[in-house]
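The block underneath contains the structure these notes are about, expressed in structure tokens.
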Amino acid sequence: MAEEKGLTPRAQDFSAWYNEVVLRAELADYSPVRGCMVIRPWGYAIWELMQGALDRMIKETGHQNAYFPLFIPLSFIEREREHVEGFAPELAIVTHAGGKELEEALVVRPTSETIIYAMFAKWVQSYRDLPLLYNQWGNVVRWELRTRLFLRTTEFLWQEGHTAHATEEEAEEETRRMLGVYRTFMEQWLAMPPLTGLKSDSEKFAGAKRTYACEALMQDNRALQAGTSHHLGQNFSRQFDLKFQTQEGREDYAWNTSWGATTRLVGALVMTHGDDAGIVVPPLLAPTQVIIVPIWKTDEQRAAVLGKAQEIAKALGTAARVKVDDRDFLTAGSKFYEWEAKGVPLRLEIGPKDLAKQQVMLVRRIVPDGAARKEALSETLAVQQIPERLSGIQRAMLAEATRRREANSHRGVRTFDQLREIVDGVGGFIYTGWCGSSVCETKVKEETKATIRVIPDAEFRSAEMPATCVVCGEPAATEVVWAKAY
RNA sequence: CGGGGCGUGGCGCAGUCCGGUAGCGCGCCUGCUUUGGGAGCAGGAGGUCCCCGGUUCGAAUCCGGGCGCCCCGACCA
């Protein structure tokens, strides 16, 4: 009985586990339209908590929210050459509306650079109008062939920041700043420590001059791109005539940046912290942080136990997001499994035996090795301790994820054979030298399926810069990090 | 778009070879007993068997055509 209700263990089949756990935790479900998904309340509540935190950070760095339309004239997309080449295969195009064929087809936005910079061009005349620091929350559509819930769907939700600056330096600074915001957000809220750095030319955003990214390592040792920040140079401003008069009276094109993070982060959360019992949600992102499960036999006990459960929930007040599971058509045991699958960090069990002793059973969703999962605490102590317990769990989750990332980072890899052996074996982040040639890059990709995730930022670089390219043996231009990616 | 598979109550499937009362598990509903790790018993509801056509006394089953979905190979957050 128990076996058939369990999830496929991660070690047996990670992607089967992922699909099952997303459905079991009621994060999302498949929609009637191929490649699209429905985000269910539990998944959406997690997303809303992410949104709230990231939105505050975006505003704290001086940005304002706005909203640009879903439909973009096809000609806009076509204006920037690299951009259109990057997106052409995955565009959804509206050719008919209002019962007739449209004069100009409309693209359902795959991203909003074109329409936003077209509008910026109307609003900017002078250097005094710069910088423009905009962000928008919305949905985008990219027609995908192979889809997976949260990780790759035809429609997804995200925020996209778009800025315009008077100088290249300022734009570069902005690009780096927002990469840092993502990194901090992922560490503090998702308890997921990304590796940050610069994308190689072949992996950068279509139309960007440079792309920086946060790459997180999932439990199957594959990398997941979790947030990107692009320095767009003057590529779009030239095409959309986004120019301004400088202080010296010259005319110049503005420098743009764009940066985005998506509902893919929910998938990242699942694959970073989940275990064979379900997902594990970091306390800061848990829609319910404490689930109280009352246990009773008789009606008399039911009243007393429920009364106590409500009392404790009330005592916690705003110190934690708490909920009493008072459904009387389920046994306590089945509720335990359900909330564990959904990743609620703490559970309080209250039954007649506890009432008699004025105590509650506090059960942690995850525990350090060897620690007891359940402990009896007095009612008052439990209420007092819960906020600190939650922040302790948040810290422990980041520490564990960081430990795992480091344990699966392979440095000092010198030869192609070594690289191949790790990619085909344990996987993880592989640090090597690289000459900078796309020929070498392509060779690794074709022969191992691993790609350059990033040219790592300074703090991630190895103590000793690798001397030679892992492929051709020529002097290395830089250190890079390889991994199989989602 | 090339190769493989599948369409049968909400979900997962059996039945198709060899035509003859549409079945099983889970879920759902009602009642009683239950509730400290996925409850038990009893009763019950729920089906254009993907669609169209053909063969036949009779088609989920055989034949023809169509549609849809899933899995595997080139791009992407």
Side-chain angles (χ1 to χ4, degrees), chain A residues 1-7 15-16 19-20 23-24 29-35 83 85-91 110-111 139-148 150-160 182 194 199 202-206 208 211 213-216 223-230 258-268 277-278 293-299 301-302 305-306 325-341 347-357 359-361 363 373-374 376 442 445-446 449 451 453 485-486:
Chain A
M1 180 70 101
E3 305 87 69
E4 61 194 49
K5 292 192 172 180
L7 299 162
S15 66
N19 291 333
E20 289 170 22
L23 297 174
R24 181 73 64 90
D29 203 351
Y30 297 97
S31 88
V33 178
R34 180 196 152 75
H83 194 60
E85 283 172 6
F87 281 111
E90 51 193 48
L91 292 179
T111 180
N139 57 337
V140 285
V141 166
R142 298 178 188 177
W143 215 256
E144 296 286 353
L145 301 178
R146 308 255 303 109
T147 62
R148 296 196 73 190
F150 289 109
L151 302 178
R152 177 165 296 109
T153 48
T154 286
E155 178 188 7
F156 57 88
L157 308 184
W158 75 347
Q159 60 65 220
E160 48 179 322
Y182 288 144
K199 286 287 180 184
S202 73
E203 297 277 331
K204 76 176 168 60
F205 172 70
T211 292
C214 288
E215 293 279 329
L224 183 75
Q225 183 168 305
T228 50
S229 186
H230 315 290
S258 68
W259 25 274
T262 78
T263 36
R264 176 181 252 198
L265 286 171
V266 178
V293 179
I295 299 156
W296 65 80
K297 286 192 204 300
T298 65
D299 280 352
Q301 287 172 342
R302 178 174 186 272
V305 158
L306 274 177
D325 188 347
D326 60 2
R327 293 175 294 178
D328 60 4
F329 52 89
L330 288 178
T331 62
S334 70
K335 293 177 188 176
F336 299 165
Y337 282 103
E338 182 176 327
W339 293 110
E340 282 171 10
R347 175 171 81 232
L348 289 181
E349 302 175 10
I350 305 176
K353 294 178 212 164
D354 303 306
L355 277 194
K357 291 189 256 181
Q359 67 173 30
V360 296
M361 295 300 298
V363 187
R373 219 160 72 85
K374 295 195 182 194
T442 305
K445 183 174 180 176
E446 282 175 358
K449 306 279 186 214
T451 50
R453 299 323 303 158
Y486 274 95

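In what follows, every chain begins at residue 1, and chains take the letters A, B, ... in the order their sequences are listed.
When the P atom is used for both U61(B) and A77(B), the distance is 47 Å, rounded to whole Å. The separation of U21(B) from U16(B), taken at their P atoms, amounts to 13 Å, rounded to a whole angstrom. G10(B) and G3(B): their P atoms are spaced 34 Å apart (whole Å).
Pair assignment for C32(B): G40(B), on the basis of Watson-Crick or G-U wobble contacts that are both within less than 3.5 Å. Pair assignment for G12(B): C24(B), on the basis of Watson-Crick or G-U wobble contacts that are both within less than 3.5 Å. Pair assignment for C1(B): G73(B), on the basis of Watson-Crick or G-U wobble contacts that are both within less than 3.5 Å. The base-pairing partner of C6(B), taking Watson-Crick or G-U wobble contacts with both distances under 3.5 Å, is G68(B). Base pairing analysis places G47(B) opposite nothing; no Watson-Crick or G-U wobble pair with both distances below 3.5 Å involves it. Look at C17(B): it lacks any Watson-Crick or wobble partner with both distances under 3.5 angstrom.
One side chain, H230(A) or T211(A), offers a donor N or O that lies under 3.5 Å from an acceptor on the other. Between the side chains of K353(A) and Q359(A), no donor N or O sits under 3.5 Å from an acceptor N or O.
R148(A) comes within contact range of no nucleotide atom at all, as no heavy-atom separation falls under 4.0 Å. Heavy atoms of T153(A) sit under 4.0 angstrom from at least one base atom. Residue L265(A) is out of contact with every strand shown, counting any heavy-atom pair closer than 4.0 Å. Using a 4.0 Å heavy-atom cutoff across all strands shown, F156(A) reaches at least one base atom of the nucleic acid. Residue contacts shown for E144(A) include a base, since a base heavy atom lies under 4.0 Å away.
A donor-acceptor contact shorter than 3.5 Å is absent between the side chain of R24(A) and the backbone of E338(A).
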Pull out every protein N or O sitting under 3.5 Å from an N or O of nucleotides 29-36 of chain B, one pair per line with the distance.
from: U35(B); atom 1: OP1; to: K297(A); atom 2: NZ; distance (Å): 3.1
from: U35(B); atom 1: O2'; to: W296(A); atom 2: O; distance (Å): 3.3
from: U35(B); atom 1: O2; to: L330(A); atom 2: O; distance (Å): 3.2
from: U35(B); atom 1: N3; to: W296(A); atom 2: NE1; distance (Å): 3.3
from: U35(B); atom 1: O4; to: W296(A); atom 2: NE1; distance (Å): 2.6
from: G36(B); atom 1: O6; to: G351(A); atom 2: O; distance (Å): 3.4
from: G36(B); atom 1: O6; to: P352(A); atom 2: N; distance (Å): 3.1
from: G36(B); atom 1: O6; to: K353(A); atom 2: N; distance (Å): 2.7
from: G36(B); atom 1: O6; to: D354(A); atom 2: N; distance (Å): 3.4
from: G36(B); atom 1: N1; to: D354(A); atom 2: OD2; distance (Å): 2.5
from: G36(B); atom 1: N2; to: D354(A); atom 2: OD2; distance (Å): 3.0

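Following rounding to the nearest Å, D29(A) (CG) and G10(B) (P) show an atom-to-atom distance of 15 Å. Atoms NE2 (H83(A)) and C1' (A77(B)) sit 14 Å apart, rounded to a whole Å. Rounding to whole angstrom units, CD of residue E90(A) and P of A74(B) are separated by 16 Å. Per the geometry, CG belonging to L91(A) stands 12 Å off C1' belonging to C76(B), to the nearest Å. One interatomic measurement links the two molecules: CD of E20(A) to P of G12(B), which rounds to 13 Å at whole-angstrom precision. In this structure, the NZ atom of K199(A) is 11 Å from the P atom of C76(B), given to the nearest Å.
Contacts of D326(A) classified as side-chain hydrogen bond (donor to acceptor under 3.5 Å, both in side chains), with partners at least two apart in sequence or in another chain: none.
Of the two residues near RNA chain B, E155(A) and K449(A), the one whose nearest nucleotide lies more 5' is K449(A). The residue among T147(A) and R152(A) whose nearest nucleotide of RNA chain B lies closer to the 5′ end is T147(A).
Contact annotation: side chain of E340(A) to base of G37(B), donor-acceptor pair present below 3.5 Å. R142(A) contributes no side-chain N or O that forms a donor-acceptor pair with the base of C76(B) under 3.5 Å.
For the pair R347(A) and F336(A), the cation-pi test (distance below 6.0 Å, angle within 45°) is passed.
A distance of 10.5 Å separates CG of L151(A) from CG of L265(A), quoted to the nearest 0.5 Å. Within the model, atoms OG1 of T451(A) and CZ of R453(A) stand 4.0 Å from one another, a figure rounded to the nearest 0.5 Å.
Between E215(A) and K199(A), at least one side-chain nitrogen of the basic residue sits less than 4.0 Å from a carboxylate oxygen of the acidic one, meeting the salt-bridge criterion.
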